[in-house]
Amino acid sequence: MNRKYRKTVIAGNWKMNKTPSETKEFMQQFKAILPKGRWCDVALCVPAVCIPAAVRAMRETRVGIGAENCNANASGAYTGEIATNMLVDAGCKYVIIGHSERRAMGETDADVNAKVLAALEAGLTPIMCCGESLEQREAGITDEHIAMQIKLGLQNVSEDKIRKVVIAYEPIWAIGTGKTATPEQAQEVCMNIRAVVRKLYASKNARAISILYGGSMNEKNAFELLAQPDIDGGLIGGASLVPEKFVQIIEAANQPTA
Ligand code: PEP
């Protein structure tokens, strides 16, 4: 982290877990133990049907609620889809875009790019995910693969909007597997992502963009990961489902930075 230049963001991704009633219960417990300090932004991205309960419960707190996906179109015949203006109206501040689990369902870099543009247009903070598979890492093409995801995902994002984008580096082999990238591995990729952003935008903007690590981040390994200079926070799946664990990760973000 480097709080001098950029925001620290701790974001939860609930995936397809918890009902609206369970959301209410979680939020009550979470609110009761939420650290008071303002050292990082906290987001919880929840299933669409849980958004109203989450927004209601977190009103007047510093926790921003987000969605786990959106559609890039403004409205129309897209049965089952949710537009960005609907998310804004429901009280969302964030939206996860391009999670590897959605890419595995067929989402392309072009889809990711269209969604990032739509989210920015609506005033949402897109958390744009990228990450390599184990095969790609073993073939030595991690950097090339991620550079391509970043370049395609950010196409036509203007210089004045790039600081609104949060990038999450999530090695696919580390998601939900209990296998975390080492702090050094995660730092190296996050530093390279910033270098890609620096080639596309002014260096002051590359320096200001928050890059998160995700992949089995938990209350035990968060401190070390967050101590890396280019890791500005975490996107947390499993550990964000338990209030005590999620709070411990938020607390790990309260450490001195370079
Ligand atoms: C995720 O879903 O984005 C994620 C990182 O999951 P987990 O923390 O469970 O590996």
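First listed ligand is number 1; within each ligand, the first listed atom is number 1.
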Would you tabulate the side-chain donor-acceptor contacts of residues 128-143 under 3.5 Å, counting partners in other chains and residues two or more places apart, or write 'none'?
| residue | atom | partner | partner atom | Å |
| --- | --- | --- | --- | --- |
| E132 | OE1 | Y169 | OH | 2.9 |
| E132 | OE2 | R137 | NE | 2.7 |
| E132 | OE2 | R137 | NH2 | 3.3 |
| E132 | OE2 | Y169 | OH | 3.0 |
| E132 | OE2 | W173 | NE1 | 2.9 |
| S133 | OG | E135 | OE1 | 3.3 |
| S133 | OG | Q136 | N | 3.2 |
| S133 | OG | Q136 | OE1 | 3.2 |
| Q136 | OE1 | S133 | N | 2.8 |
| Q136 | NE2 | H145 | ND1 | 3.2 |
| R137 | NH2 | Y169 | OH | 3.4 |
| D143 | OD1 | N192 | ND2 | 3.2 |
| D143 | OD2 | N192 | ND2 | 3.2 |

Straight-line distance of L117 CG to I97 CD1, nearest 0.5 Å: 9.0 Å
Residue pairs, two or more places apart or on separate chains, that pass side-chain hydrogen bond (donor to acceptor under 3.5 Å, both in side chains) and touch residues 88-97: none
Crowding at CD, E224 (>12 non-hydrogen neighbours, <6.0 Å): no
Residues clustering with M16 (ILVMFWY side chains joined when closer than 4.5 Å, directly or via others): none
Protein residues that have a heavy atom under 4.0 Å from any atom of ligand 1, sorted by chain and number: N13, K15, H99, E170, A174, I175, G176, G214, G215, S216, L235, I236, G237, G238
Side-chain heavy-atom pair I51, L87 within 4.5 angstrom cut-off: yes
